[in-house]
Number of protein chains: 2
Amino acid sequence: MLLVKKLNHIKLNRGKSESKIMQQSQKEEKIKPLENEEIILDAQTLKAIEDLLQNKNSPTINDVASISGVSKKTVSRIINNSENVKSETRALVSEIIKKIGFKPNPQARALAFRRSFLIGMIYDNPNAQYVVNMQLGVLDALRGTGNELVVHPCDRNAPNLVNEIEDFILMQRLSGIIILPPIAEDRQLLALLDRLDVPYVRISARDGAKYDPPIDSNQIVSVDKIGCEMAAVHLAQIGHKRIGFIRGNQIYPSAHERRAGFLAGLAKYSIEIDSEIDVAGDYSFESGYEAANIILSNKNRPSAIIASNDEMAAGVYKAAYEHGLKIPDDLSVVGFDDSPLAPRLTPALTTVRLPTRDMAKMAANIVLSPQSEVAKTILFDSNLILRNSTKAPQ
Amino acid sequence: MLLVKKLNHIKLNRGKSESKIMQQSQKEEKIKPLENEEIILDAQTLKAIEDLLQNKNSPTINDVASISGVSKKTVSRIINNSENVKSETRALVSEIIKKIGFKPNPQARALAFRRSFLIGMIYDNPNAQYVVNMQLGVLDALRGTGNELVVHPCDRNAPNLVNEIEDFILMQRLSGIIILPPIAEDRQLLALLDRLDVPYVRISARDGAKYDPPIDSNQIVSVDKIGCEMAAVHLAQIGHKRIGFIRGNQIYPSAHERRAGFLAGLAKYSIEIDSEIDVAGDYSFESGYEAANIILSNKNRPSAIIASNDEMAAGVYKAAYEHGLKIPDDLSVVGFDDSPLAPRLTPALTTVRLPTRDMAKMAANIVLSPQSEVAKTILFDSNLILRNSTKAPQ
DNA sequence: CAATAAATAGACACCGGTGTCATTAACAAA
DNA sequence: TTTGTTAATGACACCGGTGTCTATTTATTG
């Protein structure tokens, strides 16, 4: 076991002659460490650490520097894992940093780096569970990186939305931005983000490259289509021949993707879509209720309904109840989102789950990592969660 | 209409003699403004502003200072609404600040002020809607104050919870903290907050002063009791004589308060509580389901059940369904929280609403305002939301 | 072994504000 | 007019880090 003695204790800003003296004494004291070195600090250093810890203020980089006997720039290099630091120096200073519990001040770093180590999450989404899952996912990725999450819900209809968000980003000097649907499709906002030169990731239900004009940015895409296709296939497999569909709000890409999945599933079983039971909705409970009323009043009532989200599926439950239909015996229902609502409905709702939290985590990781030139698109599959709201038709 | 000319354009850090010259020329140029003064800048200043706006970087306090011809300290005073600034100076500099769109850099201020203008929200709460409402309420209060919200969900069972939160607070130098239940009752955490000397507000369902030992801190208290009492009174009024109750998790004060409200309501109608239908739950859907099964299997089945939250009320729906009981005809149900679930259940659930968002807004306002010595307690009443899950017994 | 290059460390200015204290201006009282 | 007092302003250090450039060691090479 070898020792690394602390370098020395002289003041900073010393003159040249002093500097030379230091180097000499240093040479004498120091012993080169092997692997698995153990750092042992001398009594004087331990005393200095002790004294410092009495102090109520949290230690600064200057404290570390003076105790270690190096310049604060060297400490800075070690904090930031920069190159060109001798491994012994690094080991010693790291030890002292740990001993005195030094944590670099984020505001000071922010000032010097010209960015805040804050990640902003911008959204206007009514689904609380979705938003919370996204926050949790981002925090999963941020943990231990020294970054924090600043949430910024907004109103997509506010006239000065773009300006407001610009102020937010510029003032806070955000290190990165994650933007959730539906405003992740807002062209003006995306133009702003491109202009501001802040790393950002869009979360969406459809690949931006497929738009016209295409959106060229990092994005996390949930493949909503797959899940809806699985739902349709599931219903067809257990014997349903006539299946109603309630669409989402058409301004969201997700609505188109989900319906496309539904159609794809039907196509596999050569079932034709009947426009009379393919009804518009807007993702709200009420619209689901109304759409279900239309579908269930059809002279050739379907034996199953797929709703484009769980809210609307809950509306189907209400309409079924009023039509005297029992779920799943008289009517099978499938939702989308696997919201907290789904398992709590009676009977529990079969639905499609998106890996929301994982998507957000991935988004944050991309924002944190050094940006490559080409925009990344990462796809996440959705999948079907079977519960008790579907059954073979009678 | 009178004019305020800009003071002058000399460089900062000028010598004394220069300084005198400035003052003289200033006297000649300046005209005292009346109320409703209109600020007119001279051509030279406008040119300087023009030049600055070409620059891509956001303007700094030095830019404002040099254009206005005052020191940056004076600009600082104006930003912070300090005293001892001549009203003309203030008007002029404010005008220039507006013209060039100067926004003080929060990180620089944070460094100098030794606090970050970030408000932390600390919680471990599974109810997404509750959390999101709290966030929205806090943001309502923060808007326009230059503060931002940093969210910090955590795990109440983590062994190093206190240390982790201490690091969070100290490193980020939070300007204030809002802490949500249930961890707003955690004694260790509260001890930490007291020790750290950061303004914080607890949100809770029971007045901390009533604890033993009492908690002495700013707090926003929801009076859960009132709402439950109203629920019990409502059921009694429409004729229910035998009412079941499902308790919440007893580690939360809310559980006690809600049950106390229930008992108070019964007492008003001289209804006695039967311990056989006063069943434990833990706020989860499953526990509600199981408790309801116990209650509904009672030989003397009650005609109504009050559940301590909506989740458990949804569990009651499931149990009722399985017992072949129709809500509300055979069984009335009342929940608590007015979660998004409540109106989406079939039939829509009568429940108690807490003014969550308003509570959070108030909490944030307290955290932002200069702290008085005495701890504030602010009460918010809950109230009953009537929907379709209650009906006179048959 | 000297000459040269590469690795390591430090000095100093700077990021963009605020605190403290000194200085000057404005105003009231003598 | 002079003096005393308060209002208004500025100079300068400082908050706690990083960037740049220079100086010093150490390693490499002819």
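Quick note: numbers below take in every heavy atom, side chains included, and nothing from hydrogens, waters or symmetry partners.
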Contact class for A:N84 (heavy atom, under 4.0 Å): base, sugar-phosphate, or nothing? base
Looking at every strand, decide which applies to B:R90 at a 4.0 Å heavy-atom threshold: base, sugar-phosphate, or nothing.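 Counting heavy atoms under 4.0 Å across all strands, no contact is made by B:R90.
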Between B:A112 and A:N80, name the one whose nearest nucleotide on DNA chain D is closer to the 5' end.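 With B:A112 and A:N80 compared, the 5'-side residue is B:A112.
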Measure from [atom1] on [X] to [atom2] on [N] and round the result to the nearest Å.
X      : N      : atom1 : atom2 : value
B:N62  : C:dC15 : CG    : P     : 8 Å
B:K72  : C:dG16 : NZ    : P     : 10 Å
A:R173 : C:dC15 : CZ    : P     : 10 Å

When rounded to the nearest 0.5 angstrom, what is the spacing between CZ in A:F113 and CG in A:N80?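 One gets 4.5 Å once the value is rounded to the nearest 0.5 Å.
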Please test A:H152 against A:Q172 for side-chain hydrogen bond (donor to acceptor under 3.5 Å, both in side chains), starting from the C-alpha separation and ending with a verdict. CA-CA 12 Å; A:H152 197 91; A:Q172 297 300 329; over 6 Å; no
Would you say a side-chain N or O of [X] is under 4.0 Å from OP1 or OP2 of [N]?
X     : N      : result
A:R77 : D:dT18 : no
B:S71 : D:dT9  : no
B:T74 : D:dT9  : no
A:S76 : D:dT18 : yes

Selected nucleotide, minimal atom distance to A:L111 side chain, candidates C:dC15, C:dG17, D:dT18: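 Side chain of A:L111 sits closest to C:dC15.
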Whichever of B:R114 and A:E83 has its nearest DNA chain C nucleotide further upstream toward 5':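 On the 5' side of the pair lies A:E83.
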Nearest-nucleotide comparison on DNA chain C, the residue closer to the 5′ end among B:A108 and B:K73: B:A108
